[in-house]
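One structure is given here, and the rest of the page talks about it.
The model shown is predicted, which means the values in this text are computed figures rather than measured ones. Lettering follows sequence order; numbering is per chain, from 1.
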Protein chains: 2
Amino acid sequence: MSKDTIGSSPMVTSALIEPEPSVCPRHCVDCHLRQSDGFAPVSASELAFVEALRNGRVRIKAGGEIIAEQKPGGKLFTLYAGWAFRYKSLSDGRRQILNFLLPGDFIGLQGQFADGATHGVEAVTEVALCVFARDSLRDLFREYPNLGYDLTWLAAREESLVDENLLTAGRRNATERVAMLLIHLYRRAQRVGLVQDDSVAFPLNQQHIADALGLSLVHTNKTLRRLRKLGLHQIEDGRLRLVNPKALVRIADYYDRPLRRAPLI
Amino acid sequence: MSKDTIGSSPMVTSALIEPEPSVCPRHCVDCHLRQSDGFAPVSASELAFVEALRNGRVRIKAGGEIIAEQKPGGKLFTLYAGWAFRYKSLSDGRRQILNFLLPGDFIGLQGQFADGATHGVEAVTEVALCVFARDSLRDLFREYPNLGYDLTWLAAREESLVDENLLTAGRRNATERVAMLLIHLYRRAQRVGLVQDDSVAFPLNQQHIADALGLSLVHTNKTLRRLRKLGLHQIEDGRLRLVNPKALVRIADYYDRPLRRAPLI
DNA sequence: CGGTAGATTGAGAGTCCTCAAGCTCTGTGG
DNA sequence: CCACAGAGCTTGAGGACTCTCAATCTACCG
């Protein structure tokens, strides 16, 4: 039954397979992400400006806190490698994962602007981050309007992801929710070049999935299992493979969007 | 029982009471909203720029479509008066309201940037809107970085509202959801000056509430009724009054945030 | 006065949740 | 090399929360 289990030491496995360097390179020109198809090219001067703006490079271990839920403000990050998630929780401990963050995602805009909105960011795997000072934004908008535009682009995209997750939590049933999560994460990962051999390193455990979908752990387990037995997907050795993507798309009522290249700050 | 009903011709009632002009004034200097406490002041030149950018002023009737769900891109708006909502739906008709829009909210950023994200915007009451051309954004960012910054602020705030709604739909039970919606909308309305005499014109019907909370119409009705019988709130003649706000806050596990003044584009 | 929109209510059926154990795999210490 | 503990996955059972179906009722409109 070992091949039937989910997430058994996904960390280790994915670390073995993960092709990305675990630290963000010293110079942005060498950034692995920028060489990927998924990201829009920037001018040399913009790149230099971003690098100058960058305040540091950080690694945080799996499960570590990137932004504490109760401390607003603080720093801004670009996720360079690894998976993370944004979440909010109620005072009795119930937790809702708002969105998963993949390489290239910008972190901290909400806390920066919104009125002390309390939402935390936690690392799923070990992550590598580029750090920016909180007050560097004004400069960015002033000196490189295009980058400001890009930042708004990123904010709007992040919101549209949360929109989708809200539709999922509010109006899809358990089966549809799980199917949606699988196909949606797969597509996002694919976009940033994480898919290899028709599969992607999948570091989430069932509690993550439950918290993202607004389901209980037990029911998430039973639903995942049902979908797997139907031959729709497979999670093995910490990697996700969509065995029958069309069926997943149909169940989830998922729409593939035309994807523009994302800006990268 | 008439005083027990909800939303009986809310439109008419709110039209009688609503103090705002039903059309956005010709010049932004005369904008009612800007005179309110809730919004941040801007420089004269910025104001002039915004007015120049403005492409028109529109009114749309209650129930009318501001942005069609299937047509991305298009125009940008600032909601000047009235209530609206953003929504997404599944192909079988299930609908999720993502967020309600109140005066001062900026509309269309998501569709502008995100990859053809399909989400519609519909008027709840008759609404007055300022219209901006879709390609005017680049100019805005280039010529007035501060306004670009404000736009990102608005995008981030809108997202944090959706975050909150996702927490609600995903992790609160029906009673908590309804309490949350009532207190949250009341506070937002209060912020833009819509509260008078301890009550606010409340144009939503129970279907709106159900679609926003991810509940069925029937269960929404029963939950609302229970809260009313407990003396927590009152919806009468199309106006909402929080009879026991502290209890609502406790039930919903709601946190009042320190509110900065919002920018207004 | 019939027709429509919206609010209410009751009843029965389901989906999803909680509780309670097991099970597997991994890492650790003796 | 084995026992033990911990994290994460599975399963079964009973119950709670929500949903769907079906009517009824009120207010308002032409």
Just the rounded figure in Å: distance from [atom2] of [N] to [atom1] of [X].
{"X": "B/H208", "N": "C/dA5", "atom1": "NE2", "atom2": "P", "result": "14 Å"}
{"X": "A/Q206", "N": "D/dG8", "atom1": "CD", "atom2": "C1'", "result": "8 Å"}
{"X": "A/R226", "N": "C/dC16", "atom1": "CZ", "atom2": "C1'", "result": "11 Å"}
{"X": "B/R177", "N": "D/dC17", "atom1": "CZ", "atom2": "P", "result": "13 Å"}
{"X": "A/I209", "N": "D/dT10", "atom1": "CD1", "atom2": "C1'", "result": "15 Å"}
{"X": "A/K229", "N": "D/dC9", "atom1": "NZ", "atom2": "P", "result": "16 Å"}
{"X": "A/D92", "N": "C/dC17", "atom1": "CG", "atom2": "P", "result": "15 Å"}
{"X": "A/H219", "N": "D/dC9", "atom1": "NE2", "atom2": "P", "result": "17 Å"}

How bent is the helix from C/dC1-D/dG30 to C/dG30-D/dC1, comparing axes over its five end pairs at each side, to the nearest 10°?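 Its terminal axes enclose an angle near 30°.
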Passing option when A/H119 is tested against A/Q96, A/R86, A/Q70, A/E69 for side chain to side chain donor-acceptor pair (under 3.5 Å):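 Result: among A/Q96, A/R86, A/Q70, A/E69, A/R86 is the only option passing the side chain to side chain donor-acceptor pair (under 3.5 Å) with A/H119.
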Looking across every strand, which nucleic acid part, if any, lies under 4.0 Å from A/G63 by heavy atom: base, sugar-phosphate, or nothing?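 No contact at all - A/G63 keeps every heavy atom at 4.0 Å or more from the nucleic acid.
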Taking the basic N atoms (NZ, or NE/NH1/NH2) and the acidic carboxylate oxygens, is any pair closer than 4.0 Å for [X] and [Y]?
{"X": "B/R94", "Y": "A/E176", "value": "yes"}
{"X": "A/R95", "Y": "A/D211", "value": "yes"}
{"X": "B/R239", "Y": "B/D198", "value": "no"}

Just compare [options] and give me whichever is closest to any side-chain atom of [X].
{"X": "B/S216", "options": "C/dC16, D/dC19, D/dT11", "value": "D/dC19"}
{"X": "B/A174", "options": "D/dG8, C/dT8, D/dT18", "value": "D/dT18"}
{"X": "A/N221", "options": "D/dC19, C/dG10, D/dC9", "value": "D/dC9"}
{"X": "A/V218", "options": "D/dT18, D/dC21, C/dC19", "value": "C/dC19"}
{"X": "B/N205", "options": "D/dT18, C/dT9, C/dA7", "value": "C/dA7"}
{"X": "B/L215", "options": "D/dT10, C/dA7, D/dT18", "value": "D/dT18"}

When rounded to the nearest 0.5 Å, the distance separating CG of B/N165 from CG of A/D163 is 10.0 Å
Contacts of A/R172 that satisfy salt bridge (Lys or Arg N to Asp or Glu O under 4.0 Å) - sequence neighbours left out: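 For A/R172, the residues satisfying salt bridge (Lys or Arg N to Asp or Glu O under 4.0 Å) (neighbours in sequence not counted) are A/E164.
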Any side-chain N or O of A/R172 less than 4.0 Å from the OP1 or OP2 oxygen of C/dC16? no
B/R225 side chain N/O closer than 4.0 Å to the phosphate oxygens (OP1, OP2) of C/dA7?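 Checking B/R225 against C/dA7: no side-chain N or O falls below 4.0 Å of OP1 or OP2.
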Can you sort out the partners of B/Q190 under side chain to side chain contact (heavy atoms under 4.5 Å, CB included), two or more places apart, ordered by chain and number?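 Applying side chain to side chain contact (heavy atoms under 4.5 Å, CB included) to B/Q190 gives B/Y186, B/R187, B/V195.
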